[in-house]
Enquirer: 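Structure in structure tokens, see below.
The structure presented is a predicted model; accordingly, all values stated were derived computationally and were not measured.
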Amino acid sequence: MPSPTPAAEVVAPRRHLPWCTLLLCAATAVMSVWVAIHVSGAWFGRVRVVDLEPWGLRFHQLRELELWRLVTAQLVHVKQPHMLGDVFCLGLVGAAVERHLGGPRLFAIWLVGGAIAMLLSTLTVPAPWNLGTGASQAVMAIAGAGLWLAFAGIDRSRFLLGAVAFAIALAFAIDIVHVGYPKLGHVAGVMAGWLVTGAIVRANRHARGGRRHR
């Protein structure tokens, strides 16, 4: 029987509850609904992008070291039905990816990949509407991680491939219906997730190799 590749050793599947995915889903739903009630007075009330200024993300806010926005911006939504779709897709792709990478690495992909894609998405929108919000960029980043796992030959199961395909297809389809093309934030999310996952796996592989030679 052939020995596993180094990458496969790093991302061997784990049998445990996808706690990070579940926490991110719960945090997204709770924070988004709480903000909707705070702003509009109703669970599914009307919220404008500019109403989310206290929680959203722009480049200049990072220069002012408001780093907490990297988290809050990815939890709040203008439209709560959109939030429900994001949470559903996050649960699917998150569970599929977390079983290989584990909770801390999944969170890193959600945070870093989602934030990079969100910031890039603000470049295509005029002020004052260029406020980064929503979980869809992070969902695309985790989908990109799933693509990396599939192309690396680590997991080509129907569950992972189906979850990734569904999440990407849904996001791109909504984009095409509304603006006629896939949005930069979603395309960048997939690419960022792929790159961040590759970097994480390589770093972990080098760390393991260093320990073995001690």
Side-chain angles (χ1 to χ4, degrees), residues 4-34 68 70-77 80-118 133-172 185-186 189-205 207-208:
T5 64
E9 291 180 355
V10 174
V11 292
R14 301 165 173 81
R15 298 193 177 193
H16 63 70
L17 194 69
W19 60 267
C20 185
T21 297
L22 294 175
L23 286 175
L24 288 173
C25 287
T28 302
V30 171
M31 180 73 175
S32 192
V33 169
W34 179 84
W68 47 270
L70 294 170
V71 175
T72 60
Q74 303 194 65
L75 300 177
V76 296
H77 293 74
Q80 301 317 303
H82 183 193
M83 177 271 292
L84 293 176
D86 282 348
V87 168
F88 179 75
C89 290
L90 175 59
L92 280 180
V93 294
V97 171
E98 186 175 349
R99 68 187 296 266
H100 289 283
L101 298 180
R105 294 176 195 159
L106 181 83
F107 180 78
I109 295 166
W110 176 88
L111 180 64
V112 177
I116 290 172
M118 179 176 288
T133 62
S136 58
Q137 291 88 189
V139 172
M140 291 299 97
I142 296 173
L147 284 178
W148 190 95
L149 293 172
F151 274 85
I154 293 165
D155 187 350
R156 292 175 179 168
S157 65
R158 291 182 180 179
F159 175 56
L160 181 134
L161 293 177
V164 169
F166 178 82
I168 294 177
L170 180 62
F172 284 11
H186 292 157
V190 175
M191 297 174 63
W194 177 293
L195 294 173
V196 172
T197 302
I200 288 174
V201 172
R202 283 193 297 273
N204 192 277
R205 187 170 60 210
R208 288 191 176 196

Enquirer: What is the distance from atom CG of L147 to atom CD1 of I142, rounded to the nearest 0.5 Å?
Expert: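 Spacing of CG (L147) from CD1 (I142) equals 12.5 Å.
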Enquirer: Can you confirm whether F159 is buried at CZ, in the sense that more than 12 heavy atoms of other residues, nucleotides or ligands lie under 6.0 Å from that atom?
Expert: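 Yes, the 6.0 Å shell around CZ holds more than 12 heavy atoms from other groups.
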Enquirer: What's the shortest heavy-atom distance between A150 and L161, and which atoms?
Expert: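 Smallest heavy-atom distance, with atoms named: CB-CD2, 3.7 Å.
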Enquirer: Is Q137 reaching over with its side chain to a backbone N or O of I116, donor-acceptor style, under 3.5 angstrom?
Expert: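 Between the backbone of I116 and the side chain of Q137 there is no qualifying donor-acceptor contact (under 3.5 Å).
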Enquirer: Between M83 and A29, which heavy-atom pair has the shortest distance, and what is it?
Expert: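 Heavy atoms of M83 and A29 come nearest at SD-CA, 3.8 Å.
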Enquirer: For W34, give me all partners under ring-ring contact (aromatic ring centres under 6.0 Å, His included), at least two apart in sequence or on another chain.
Expert: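 Partners of W34 under the ring-ring contact (aromatic ring centres under 6.0 Å, His included) test: H38.
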Enquirer: From R205 CZ over to I200 CD1, what is the distance, rounded to the nearest 0.5 angstrom?
Expert: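 CD1 of I200 is found 13.0 Å from CZ of R205.
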Enquirer: First locate atom CG of L106, then atom CG of L111, and finally report the distance between them rounded to the nearest 0.5 Å.
Expert: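 These two atoms lie 11.0 Å from each other.
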Enquirer: Flag the pair W148 / V201 as yes when at least one side-chain heavy-atom distance between them is below 4.5 Å, and no otherwise.
Expert: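 W148 vs V201: side chains touch.
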Enquirer: Could you tell me which non-hydrogen atom of A115 sits nearest to which non-hydrogen atom of L70, and how far apart they are?
Expert: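 A115 and L70 have their closest heavy atoms at CB-CD2, 3.7 Å.
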Enquirer: The test is side-chain contact (heavy atoms from CB on, under 4.5 Å); show your working for I109 and W194 and say whether it passes.
Expert: CA-CA 9 Å; I109 295 166; W194 177 293; over 6 Å; no
Enquirer: Applying salt bridge (charged side-chain N to carboxylate O under 4.0 Å, His left out) as the test, list every pair that has at least one member in residues 134-156; sequence neighbours left out.
Expert: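 Counting only pairs at least two positions apart or across chains, the salt bridge (charged side-chain N to carboxylate O under 4.0 Å, His left out) contacts touching residues 134-156 are R99-D155.
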Enquirer: Do the non-hydrogen side-chain atoms of F107 and L101 ever get within less than 4.5 Å of each other?
Expert: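 No - every pair of side-chain heavy atoms lies 4.5 Å or more apart.
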Enquirer: Any idea which heavy atoms bring G185 and A117 closest together, and the distance?
Expert: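 Closest approach of G185 to A117: O-CB, 3.2 Å.
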Enquirer: Is H186 reaching over with its side chain to a backbone N or O of I168, donor-acceptor style, under 3.5 angstrom?
Expert: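 No; judged by distance alone, with no hydrogens or angles, the pair does not exist.
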Enquirer: Looking only at non-hydrogen atoms, find the nearest pair between T21 and A95 and report the distance.
Expert: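 Looks like OG1-N, 3.5 Å.
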Enquirer: Decide yes or no for Q74 and L24: does some side-chain heavy atom of the first lie under 4.5 Å from some side-chain heavy atom of the second?
Expert: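 Q74 vs L24: side chains apart.
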Enquirer: How many angstroms lie between atom CG of D86 and atom NE2 of H77, to the nearest 0.5 angstrom?
Expert: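 Nearest 0.5 Å value for the CG-NE2 distance: 4.0 Å.
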Enquirer: To the nearest 0.5 Å, tell me how far H100 NE2 sits from L160 CG.
Expert: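 One finds 6.5 Å between NE2 of H100 and CG of L160.
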Enquirer: Which atoms form the tightest heavy-atom contact between T197 and A145, and what is the distance?
Expert: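 Closest heavy-atom pair between T197 and A145: OG1-CB, 3.0 Å.
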